[in-house]
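Okay, so here's the structure we're looking at.
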Amino acid sequence: LTLGAAVSSTAGNVSLLSGGNFEQSAVGDISTAGAGTIDVRVSGMMTMTDGAEITSGSGNIRLVVTNALQLGALSTSGDISDISISASTITDAGAGASDTVNISGDEVYFATTSTVVGAGVGSGTNHLELNASKLAASVSGQGGLYIIESDGLQVGALTAINVKKVASDGSSTASTSDTAQSNISSDSNVVIVTTAGNIETLASGGTITAAGNMLLDANGNLTLGAA
């Protein structure tokens with residue numbers, strides 16, 4: 001599946017499925033308005049060119065990628081506007097001064113499945129940029145979790161992040177059935193930095209565990225409410 005032009009809905013849900021790889025160019029933006037959700041499922045790898053965007057007005061966004069994901073920008077807004085990403089490894093498509101915020105949403109969940117060296121979420125030289133309220137993650141592999149948050153961030157129990165699945169008859173009555181996630185675990189390092197605002201680990205689902213090194217660097221206050 002290759003997007004060289006924009007794909008948009010003015011009111012509905014969007015599902016994009018690929019039995020192979022998925023390539024999204026910088027002008028191949030995906031969007032829906034209102035509470036429409038975006039459902040992306042890829043059996044191979046997914047490559048978002050730097051500048052490519054996936055946007056919902058206020059609905060959830062869910063990406064499930066079997067292999068590697070190169071991430072552009074995902075955004076949704078509102079009190080229940082959450083983003084869930086699963087891939088073997090997740091890297092940032094942009095770098096340097098031109099880099100943009102990768103994820104803007106209320107609650108965010110990352111899961112990586114690869115156990116190879118270097119697999120993880122972001123990297124030590126290119127963190128993922130977030131503008132989110134709450135985070136949970138399960139990171140396999142020896143790459144670790146590297147996050148820069150633009151304001152305050154909580155680590156704690158999330159609501160279940162699900163989306164509508166558009167069927168071959170055009171209906172979207174069925175939803176995904178992911179369970180609610182919590183805590184942060186990494187088979188390597190954990191690095192979370194806020195450029196403004198606080199970092200808080202909540203008593204409910206806010207445990208952070210790392211097999212490697214850990215840095216929690218809050219520009220504001222650092223509050224540990226969980227182990």
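Just so you know, these numbers come straight off a predicted model, no measurement behind them. Numbering of residues begins at 1 and proceeds along the displayed sequence. Just the heavy atoms: all of them, side chains too, but no hydrogens, waters or symmetry mates, feed the values below.
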Notebook entry, point to check: side chain to side chain contact (heavy atoms under 4.5 Å, CB included) between L17 and V42: does it pass, once the steps are laid out?
Noted result: CA-CA 6 Å; L17 315 180; V42 181; over 6 Å; no
### Message
Working note: L145 + I184, criterion side chain to side chain contact (heavy atoms under 4.5 Å, CB included); need CA distance, chi angles, decisive distance, verdict.
### Response
CA-CA 9 Å; L145 172 72; I184 289 177; 3.7 Å; yes
T76 and I83: side chain to side chain contact (heavy atoms under 4.5 Å, CB included), yes or no, with the steps?
CA-CA 8 Å; T76 180; I83 296 174; 4.0 Å; yes
(request) Would you please test L128 and V121 for side chain to side chain contact (heavy atoms under 4.5 Å, CB included) and show each step? (result) CA-CA 7 Å; L128 292 191; V121 177; 3.4 Å; yes
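In this structure, CG in L69 is found 9.5 Å from CZ in F110, a value given to the nearest 0.5 Å. Between atom OG of residue S84 and atom CD1 of residue I161 there is a gap of 5.0 Å, rounded to the nearest 0.5 Å. To the nearest 0.5 angstrom, S18 atom OG is 5.5 Å from L1 atom CG. Remark: M48 CE to E23 CD distance equals 13.0 Å, nearest 0.5 Å. Taking OG1 from T115 and CG from D187, the interatomic distance works out to 8.5 Å, rounded to the nearest 0.5 Å. Atoms NZ and CG, from K134 and L153 in turn, are 10.5 Å apart once rounded to the nearest 0.5 Å.
For the pair T112 (side chain) and S140 (backbone), a donor-acceptor distance under 3.5 Å is present. Within the 3.5 Å criterion, the main-chain N or O of T37 finds no donor-acceptor partner in the side chain of S56. Remark: side-chain polar atoms of S114 are not paired, donor with acceptor, to backbone N or O of A119 under 3.5 angstrom. Side chain of S182 to backbone of A157: no donor-acceptor contact under 3.5 angstrom is found. With S88 contributing its side chain and N67 its backbone, the two residues share a donor-acceptor pair below 3.5 Å. Judged purely by atom type and a 3.5 angstrom limit, N189 has no side-chain atom pairing as donor or acceptor with the backbone of M214. Without hydrogens or angle criteria, E53 side chain to A26 main chain gives no donor-acceptor distance under 3.5 Å. With S171 contributing its side chain and T173 its backbone, the two residues share no donor-acceptor pair below 3.5 Å. T194 contributes a side-chain N or O that, together with a main-chain N or O of N219, makes up a donor-acceptor pair within less than 3.5 Å. For the pair T49 (side chain) and A52 (backbone), a donor-acceptor distance under 3.5 Å is absent.
Taking all atoms of both residues into account, the shortest heavy-atom contact from D151 to A132 is OD1-O, 3.8 Å. When all heavy atoms are compared, the tightest approach of L71 to N102 is O-ND2, 3.5 Å. In terms of heavy-atom proximity, A33 sits nearest to T10 at CB-O, 3.2 Å. Nearest heavy-atom pair across S138 and Y109 is CB-OH, 3.7 Å.
Remark: D39 engages R41 in a salt bridge (Lys or Arg N to Asp or Glu O under 4.0 Å) (not counting sequence neighbours).
In summary, the side chains of S175 and N162 do not present any donor paired with an acceptor at a separation below 3.5 Å, with no hydrogens or angles considered. For the residue pair D82 / T159, a side-chain donor-acceptor distance below 3.5 Å is found, with atom types taken as modelled.
In summary, of the residues considered (S58, S77, S133), a side chain to side chain donor-acceptor pair (under 3.5 Å) with D106 occurs for S133 alone. Screening I61, L74, I54, T55 for a side chain to side chain contact (heavy atoms under 4.5 Å, CB included) with I30, the sole residue that qualifies is I54.
For the pair Q142/V116, no side-chain contact is recorded, criterion being any heavy-atom separation below 4.5 Å from C-beta on. Here the side chains of Q24 and T47 are not in contact, with every heavy-atom distance at 4.5 Å or above. A heavy-atom distance below 4.5 Å is not found between the side chains of Y146 and V193. Taking 4.5 Å as the limit, some side-chain heavy atom of L135 sits within range of a side-chain heavy atom of L130.
Under the 4.5 Å side-chain heavy-atom criterion for Ile, Leu, Val, Met, Phe, Trp and Tyr, V190 and L224 are members of the same hydrophobic cluster.
At a threshold of 4.0 Å, the pair D178-R62 counts as salt-bridged, since one of the basic side-chain nitrogens sits closer than that to a carboxylate oxygen.
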Side chains of residues 195-210: which donor-acceptor pairs under 3.5 Å do they make with residues two or more places apart or in other chains?
unit_1	atom_1	unit_2	atom_2	d
T195	OG1	E149	O	3.4
T195	OG1	S150	O	3.4
N198	OD1	N221	N	2.6
E200	OE1	Q154	NE2	3.2
T201	OG1	G225	N	3.0
T201	OG1	A226	N	3.3

